[in-house]
Number of protein chains: 2
Amino acid sequence: MERIKPRTLSGFMELLPAPQMQMERMMETLRKTYSLYGFSPLDTPVIESADVLLAKGGGETEKQIYRFTKGDADLAMRFDLTVPLAKYVALHAGELQFPFRRYQIGKVYRGERAQRGRFREFYQADIDIIGDGKLDILNEAEIPSIIYRTFRAFGLTRFQIRVNNRKILSGFYAMEGLSEKSGDIMRTVDKLDKIGPEKVGVILMEDCGLTEQQKDEILRFIAISGSNGEVLTALEGYRGRNDLFDQGLEELKAVTGYLTQFGVPEENFAVDLTIARGLDYYTGTVYETTLLDHPEIGSVCSGGRYDNLAGYYTERQLPGVGISIGLTRLFYVLGEQKLLNDGLPTAPADALVLPMTADPGPAIALATSLREAGIRTQVYMEQKKFKQKMAYADKLGIPYAVLLGEDEIAAGKCSVKDLSTGEQVTVTAQEAAEMISAGMQKRNAGALILE
Amino acid sequence: MERIKPRTLSGFMELLPAPQMQMERMMETLRKTYSLYGFSPLDTPVIESADVLLAKGGGETEKQIYRFTKGDADLAMRFDLTVPLAKYVALHAGELQFPFRRYQIGKVYRGERAQRGRFREFYQADIDIIGDGKLDILNEAEIPSIIYRTFRAFGLTRFQIRVNNRKILSGFYAMEGLSEKSGDIMRTVDKLDKIGPEKVGVILMEDCGLTEQQKDEILRFIAISGSNGEVLTALEGYRGRNDLFDQGLEELKAVTGYLTQFGVPEENFAVDLTIARGLDYYTGTVYETTLLDHPEIGSVCSGGRYDNLAGYYTERQLPGVGISIGLTRLFYVLGEQKLLNDGLPTAPADALVLPMTADPGPAIALATSLREAGIRTQVYMEQKKFKQKMAYADKLGIPYAVLLGEDEIAAGKCSVKDLSTGEQVTVTAQEAAEMISAGMQKRNAGALILE
């Protein structure tokens, strides 16, 4: 037979079973945390009509998109979960209750240049809250509090949610007479972390055409730092010169104040005037989240407030606020940095039952009773030597082997071997279930991510 | 602004939040049940290189496939989860432990003619066990026992797993001198349920070129029915005339015998000689599953044994056995037939906390403590009238409203209103958590599917 070389496309993550189990834990944590805040799970198609997906059109997105025809249809694969959400709420607005809170964990596609740690197929894990006409500022404080709980649920403490408000930036640029250039300036300032203030200054003058004085004003402004209180106090100095600025400052103060009420500790969030988010659709609060010990990773969770989510599809005003975790990339860098807790079980089963008699009946019955106690149980069914069976359990990292020979069956018992300690005890099925459950609870107790 | 009409492609399921929650429950049940049997979750790319995905080539598949180019790459979207599994085990064989047990719940794509209840994007939920060189017959009995537990976990009892063995069929055709026509005959016999024995007979003579006597032999053979014991006894009458037949009969007897040991009641499985499965790669045991009260739906879970899963990619012999649930179609027909239990909660939250004071702090703190008790809690944060807030909870079907006014706050309490009964009590946060948890446990106790 002529054979095809099996391979997986570059830029497409395909995990071996053990890391896949770690990924599943992260997804389960996300589903659980998002659900606790009353978000509906949503699942939209991977493929949409190209004109729907590209309603906003233009730019980098269009170059990266997977677009193709099938019959007469011009189709495209989603490149994020926000555009499909916009379509969804526009299409189903009459059947939804607002505020509409949804989470979605799904694959998106971008034909980026293949590069280490860059993926063409990757998971995003998004939450968004969409209002009908209005959406209270409180939502802008709740979103980062959910991020806080999510990252804590991952086991992290050394992270910071950085918050800004684009009205403050836009208002400030208006004061300086730079409104028309504000888009370019914000995109430039957004690079501050990567290239530093000097290069930002050069680009501001050479590419954006700012005067030296304007450049200095901007660099002075974005250099405002210190505790959240200090930054807000410094911003008060600009108050009264521009309505949009004043409004942004009020919002930022509100969000900052409520964040404390939402139980987010001061050390886990910071007002940071350098955060702008390169994208156009944010209109108010913006967020980025960084791991304090790994700033090189960049933002692992970003988002913000948008005044009009679905303007390309409907005249209904649907403001929203949301964030997105780039899950595949986050998982990849956590693995690269050896931050994933390898101490947590990654085996597909908690217990491997080894029938030691010709009749597999008693082993099958025992496995059934262990499963009823919630224990993930595999019966080893191949005709192999005992040593090979044990090696199988060992290599998979299955914590417990349960042996069932003539003696055990006659005594109504089974032998449970803890494969990490080598200890073996002969007990009843019920005792075995209790023992294994207790052991697994301990083994599963650790954090997903180690700092 | 020029607007694009928001729409979802025909043949792509996009659910509203309430039915989506029902779908999530089905997926969660599948993940949980499959995990209890020691299967690893797997996640392979939606896109593969076209030559890899079409290694087997030809036929209906190639016409239906979503295939396109991106740059120089000839790409295709997976049309099932079995071919990607074959690629996966061939590619990673050196890093896997065999038997390799994996489950995968994922979207697959087939550009079928748009038709009510037919989907172009749909979920399959597969389990497979892959051996290295050999795979014990016991696995062929375990797979339907997992189907049994899965359907029971859905809440179903009125279903039947129908089992046959292709060696019996092939052996029988060999006895009749019809080996070369066996493929055509099996595909024809596979239509028996849909078109009846007479039309099958006509096709066998006219299209397959059988003599009347041969046709009669075949119709007599596939008409063998009765209890499992009776069918097996009837088959004994053919023994000794063909080795393959005899081997198939042994296997079928073994699978049937072990199924009882695996705890599958006799009424939930049946030896059925008409089951052939139209596909080529099954070589032994084959399965179909039907809902007894809804035979018109056809098989909702099918699969079988294949001797060589990855022959297109590797010379390594990798026999396997597996089944696939067409989840999207199953969900669709259950909905159409009104079989989904609408009594189970579909709201995104268990409790809606309504702050009745200007300061949302106490409401936020209360919500945090409810979440710590595992209660899915939303704080209603919009400035609306009380009636509108309650209407929001009502329309979403949120079971409990938790009211927090000045009086409650002063007393260190909150008022919990059961929205189904209208009863309201004023209790501490801890009592509220216990009450809501108990109530949700009751509400969540029912079966997913009603018969």
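In what follows, chains are A, B, ... by sequence order, proteins preceding strands, each numbered from 1.
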Within this structure, what is the CZ-CG distance for the pair A/R376 and B/L36, rounded to the nearest 0.5 Å?
8.5 Å

Go through the atoms of B/R120 and report whether side chain, backbone, both or neither lie under 4.5 Å from a heavy atom of chain A.
neither

What part of B/K32 lies closer than 4.5 angstrom to a heavy atom of chain A: side chain, backbone, both or neither?
neither

Under a 4.5 Å heavy-atom cutoff, which of A/R149, A/H92, A/R101 has the most pairs with chain B?
A/R101

Would you say A/P17 and B/R102 make side-chain contact, with heavy atoms under 4.5 Å?
no

Looking at every heavy atom in both A/P6 and B/L91, which two are closest together, and how far apart are they?
O-CD1, 3.3 Å

Step by step, work out the side chain to side chain contact (heavy atoms under 4.5 Å, CB included) result for A/L138 and B/I364.
CA-CA 10 Å; A/L138 260 179; B/I364 293 167; 4.3 Å; yes

Do B/K5 and A/Y313 form a cation-pi contact, if we require the NZ or CZ to be under 6.0 Å from the six-membered ring centre and within 45 degrees of the ring's axis?
no

Under a 4.5 Å cutoff for heavy-atom pairs, which residue among B/A367, B/S40, B/G111, B/A391 has the most contacts with chain A?
B/S40

Under the 3.5 angstrom rule, does the side chain of A/E14 hit a backbone N or O of B/D43 as a donor-acceptor pair?
no

Within the supplied structure, the quantity of interest is the number of heavy atoms (other residues, nucleotides, ligands) at a distance under 6.0 Å from B/E95 CD; does it exceed 12?
yes

Pick from A/Q378, A/Q383, A/Q261, A/M381 with the largest number of heavy-atom pairs that fall under 4.5 Å of chain B
A/M381

Give a yes or no answer on whether the side chain of A/Y37 reaches the backbone of B/A349 with a donor-acceptor pair at less than 3.5 Å.
no

Could you go through B/M77 and A/M77, starting from their C-alpha distance and side-chain angles, then the distance that decides it, and tell me whether this counts as side chain to side chain contact (heavy atoms under 4.5 Å, CB included)?
CA-CA 11 Å; B/M77 296 177 77; A/M77 297 176 77; 3.7 Å; yes

I need the B/D350 CG to A/S35 OG distance, nearest 0.5 Å.
9.5 Å

Less than 4.5 Å to any heavy atom of chain A: does that hold for the side chain of B/Y123, its backbone, both, or neither?
side chain

Taking side chain as C-beta onward, heavy atoms only, is B/R67 less than 4.5 Å from A/K70?
no

Separation between CD1 of B/I4 and OG of A/S49, rounded to the nearest 0.5 Å:
9.0 Å

Those residues of residues 18-25 of chain A that come under 4.5 Å of chain B on a heavy-atom basis, listed by number, are A/Q20, A/M21, A/E24

Decide, yes or no, whether a salt bridge links B/D51 with A/R7 under the criterion of side-chain N to carboxylate O below 4.0 Å.
yes

Honestly, is A/R3 close enough over B/Y312, meaning NZ or CZ under 6.0 Å from the six-membered ring centre and within 45° of the axis?
no

Can you tell which part of B/L370 gets under 4.5 Å to a heavy atom of chain A, answering side chain, backbone, both or neither?
neither

Less than 4.5 Å to any heavy atom of chain A: does that hold for the side chain of B/L16, its backbone, both, or neither?
both

Interface moiety of B/E142 toward chain A, non-hydrogen atoms closer than 4.5 Å
side chain

Do A/T44 and B/F12 pass the side chain to side chain contact (heavy atoms under 4.5 Å, CB included) test, and can you show the C-alpha distance, the side-chain angles, and the key distance before you say yes or no?
CA-CA 9 Å; A/T44 62; B/F12 288 69; over 6 Å; no

Note: vs chain B, highest number of non-hydrogen pairs under 4.5 angstrom among A/A55, A/S145, A/P362, A/P41 is A/P41

Select, from B/G71, B/A90, B/P99, B/G263, the one with the greatest count of heavy-atom pairs under 4.5 Å involving chain A.
B/P99

Taking B/L135, B/V46, B/I129 one by one, which has the highest count of heavy-atom pairs under 4.5 Å against chain A?
B/V46

Output the distance between atom CG (B/D394) and atom CD (A/Q97), rounded to the nearest 0.5 Å.
10.0 Å

Most contact-rich option vs chain A, by heavy-atom pairs under 4.5 angstrom, among B/G361, B/P360, B/G131, is B/P360

NZ/B/K384: more than 12 non-hydrogen atoms of other groups inside 6.0 Å
no

Just so I understand: if I count every heavy-atom pair under 4.5 Å between each of A/T260, A/N139, A/T368, A/D359 and chain B, which residue has the most?
A/N139

Mind ranking B/K134, B/E315, B/M13 by heavy-atom pairs under 4.5 Å with chain A and telling me who comes out on top?
B/E315

Report the option among A/V52, A/T346, A/I137 that has the most heavy-atom pairs separated by less than 4.5 Å from atoms of chain B.
A/V52

Measure the acute angle between the ring planes of A/Y66 and B/F68, then classify it against the limits of 30° and 60° as parallel, tilted or perpendicular.
perpendicular

Let me know if B/I375 has heavy atoms under 4.5 Å from chain A in its side chain, its backbone, both or neither.
backbone

Chain B contact via A/T314 - side chain, backbone, both or neither, heavy atoms under 4.5 Å:
backbone

How many angstroms lie between atom CG of A/L96 and atom NZ of B/K395, to the nearest 0.5 angstrom?
12.0 Å

Looking only at heavy atoms, what is the nearest atom pair of A/Y88 and B/L15, with distance?
OH-O, 2.7 Å

The interface call for B/A365 against chain A, heavy-atom contacts under 4.5 Å, is neither

Pick from A/G38, A/G374, A/P45: which one has the most heavy-atom pairs with chain B under 4.5 Å?
A/P45

Given heavy-atom pairs under 4.5 angstrom as the criterion, report whether the side chain, backbone, both or neither of B/E121 touches chain A.
side chain

What part of B/F98 gets within 4.5 angstrom of chain A, counting heavy atoms only: side chain, backbone, both, or neither?
backbone

